[in-house]
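In what follows, a structure is listed as structure tokens, so that the remarks can point back to it.
FYI, side chains are in, hydrogens and waters are out, and symmetry mates aren't considered; it's all heavy atoms of this structure.
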Amino acid sequence: METKGFTQDGTVDLRGRPVLASRTGKWNACAFLVGYEAFERMAFYGIASNLVNYLTTQLHEDTVSSVRNVNSWSGSVWITPILGAYIADTYLGRFWTFTVSSLIYVMGMIMLTTAVSLKSLKPTCSNGICNKASTSQVAFFYISLYTIALGAGGTKPNISTFGADQFDDFNPHEKELKVSFFNWWMFSSFLGALFATLGLVYIQENLGWGLGYGVPTVGLLVSLLVFYLGTPIYRHKVRKTKSPARDLIQVPVTAFKNRKLQLPQNPCQLHEHEPQYYINSGKRQVHYTPIFRFLDKAAVKDGNSGRPPCTVTQVEGTKLVLRMMLIWLVTLVPSTIWAQINTLFVKQGTTMDRSLGSSFQIPAASLGSFVTLSMLISVPMYDRYFVPFMRRKTGNPRGISLLQRLGIGFVIQVIAIAIAYAVEVRRMHVIRVHQITGPKQIVPMNIFWLLPQYVLLGIADVFNAIGLLEFFYDQSPEDMQSLGTTFFTSGIGIGNFLNSFLVTMVDKLTDRGQHKSWIGDNLNDSHLDYYYGFLLVISTLNLGAFIWASSKYVYKRETKEVNEGCIEMESKALEISPLGLQV
């Protein structure tokens, strides 16, 4: 913008007025957002971490059904953001979509707390043994869970992108700060998860499920109040396209209609707006890339589609989505591995010696706190030491490229599942030596044998979870960044559904005749080691697929024309400070 002092990226306040760069956005604004993220993650992990135990001990579901139901709910939480992101990018914007969805989320939390608190809504228990839940009790419980999933659909894709919107890409100083945003955003998320796996899980198992769900409900309400206190200093991006996702349909349709036309020898002969258009509109021009060339026919001048040709920028936006889809596909198996933390790892831990001293029993789900602890320790080390060290070695402002970051995380994850397999082989050996057969018999093997796999998955997540969120935001077309981040959330969701499918199919295929199910109700008389071995094989194959997909990937390059000149926005053209937390 020409007016001095205003943001250069065209952001406005809630009333649509241009905002002063010095008084809005940056980490001052994000401080109000990270509080909500911490409490929301506390609520989610407070449910997800111990849900499998609630379903088996309180609702009396069998192991396979409980694992399937946990994965189905978790998958829904991560899939519904596709709808929320579409509504935000096309109709309401991030702020208002988040506002409506957060109210639905809180309503679901209140319903769930009620479901586990009121005697009429939960199974009756006598001497520690609970009766089977009635149909109406089960229905109300699952309606509460899926109300939360619906609310998460609008909050999850919009709160992180709304936070990233607080930094002006065309201000060099703010651009430096933005590079570290996703690291520290996830750091706040990990804090919420840590309290859930340490504190809430203990409260649920020892002080009551009602209190265990009530605490995060109250915290979520308080965090929403804090979020709205920051409204005067928030920046809002203006939607420049009525239906950003329309290009995803228009480009391939036009290319198909022009399929018989010849492409020009020089890509400069394809249709594109004049630079003045991008100056006037504030949009960014995306540079041509020589891949998926069949889509280039959508930009052939004088085509057969009966309407003006698409621009190169429109075509390149569609290409970006296709390129991201290739990377997205190879994130599904790693998400399946992640799903073990709140399902089979927990059930595995319940069979082991959980004693700490003479009277204290470690809740099996609390071991998930070591995933979070390893993340909390690793994020500052990554941002303060690893990035500057690698930057000096590679010259890349991020230290390593986004895809290299993902690759390191996937390698660590393969090592983690290999260790999980080895530990389960050891557990089965101890079972045979001590002739343990009963489902409630405790295997004389300390639960801390599981610690390495939890810690390694936490370290891996610093590379791949944060890396994926940043990758999909960074590489998305300008008007589809909320929708772009749903590549991250939907990958986790599909991974949960995939784990549910695998658990169900493996149980059915292995539980035949005289053969034992790999994942039976009695894990002391099953072959969980075989299932972990299976996951190790597909993880290793998937790593090879990721390396291939990465070698084919071309990073986004875009330019914005402004009155003062031409500013090139390139994913690698960034200079950052170690922490990026200045305001």
Between the side chain of His434 and the main-chain N/O of Val430, is any donor-acceptor distance below 3.5 Å?
yes
Can you tell me if Thr394 uses its side chain to pair, donor with acceptor, with the backbone of Gly399 under 3.5 Å?
yes
If the condition is salt bridge (Lys or Arg N to Asp or Glu O under 4.0 Å), which residues does Arg427 pass it with, not counting sequence neighbours?
Glu424
Over all atoms of both residues, closest heavy-atom pair of Gly46 and Gln204:
O-NE2, 2.7 Å
Please tell me whether Thr504 and Asp507 have a donor and an acceptor in their side chains that are separated by less than 3.5 angstrom.
no
From CA spacing to verdict: side-chain hydrogen bond (donor to acceptor under 3.5 Å, both in side chains), Asn50, Trp209:
CA-CA 10 Å; Asn50 217 18; Trp209 292 92; over 6 Å; no
Can you see whether Gln475 engages Tyr555 through a side-chain donor-acceptor pair at a distance of less than 3.5 angstrom?
no
Write out all pairs satisfying side-chain hydrogen bond (donor to acceptor under 3.5 Å, both in side chains) with one or both partners inside residues 138-148, taking only residues at least two apart or from two chains.
Glu61-Tyr142, Asn69-Tyr142
State which residues pass salt bridge (Lys or Arg N to Asp or Glu O under 4.0 Å) with Arg293; sequence neighbours excluded, sorted by chain then number.
Asp296
Looking at Arg323 and Tyr553, would you say the former's side chain and the latter's main chain have a donor-acceptor pair under 3.5 Å?
no
Hits for side chain to side chain contact (heavy atoms under 4.5 Å, CB included) against Ser490, two or more places apart or cross-chain, chain-then-number order -> Ile79, Ile82, Trp328
Answer yes if the side chains of Tyr532 and Gln340 hold a donor-acceptor pair under 3.5 Å, and no otherwise.
no
Using a distance-only test with no angle check, is there a side-chain donor-acceptor pair under 3.5 angstrom linking Asn499 and Trp338?
no
Do Arg398 and Asp474 meet the salt-bridge criterion of a basic N to acidic O distance under 4.0 Å?
yes
Which atom of Val52 lies closest to which atom of Thr343, heavy atoms considered
CG1-O, 4.4 Å
Is it the case that the side chains of Thr155 and Glu40 hold a donor-acceptor pair, with the cut-off being a distance below 3.5 Å and no angle test?
no
Looking at residues at least two apart in the chain, or sitting in another chain, which of them share a side chain to side chain contact (heavy atoms under 4.5 Å, CB included) with Thr217?
Met109, Ile110, Thr113
So, using side chain to side chain contact (heavy atoms under 4.5 Å, CB included) as the criterion, who are the partners of Val333 when residues are at least two apart?
Ile538, Ser539, Asn542
Are Tyr454 and Phe370 close enough, and set up right, to give a ring-ring contact (aromatic ring centres under 6.0 Å, His included), and what steps lead you there?
CA-CA 6 Å; Tyr454 279 99; Phe370 286 97; 7.8 Å; no
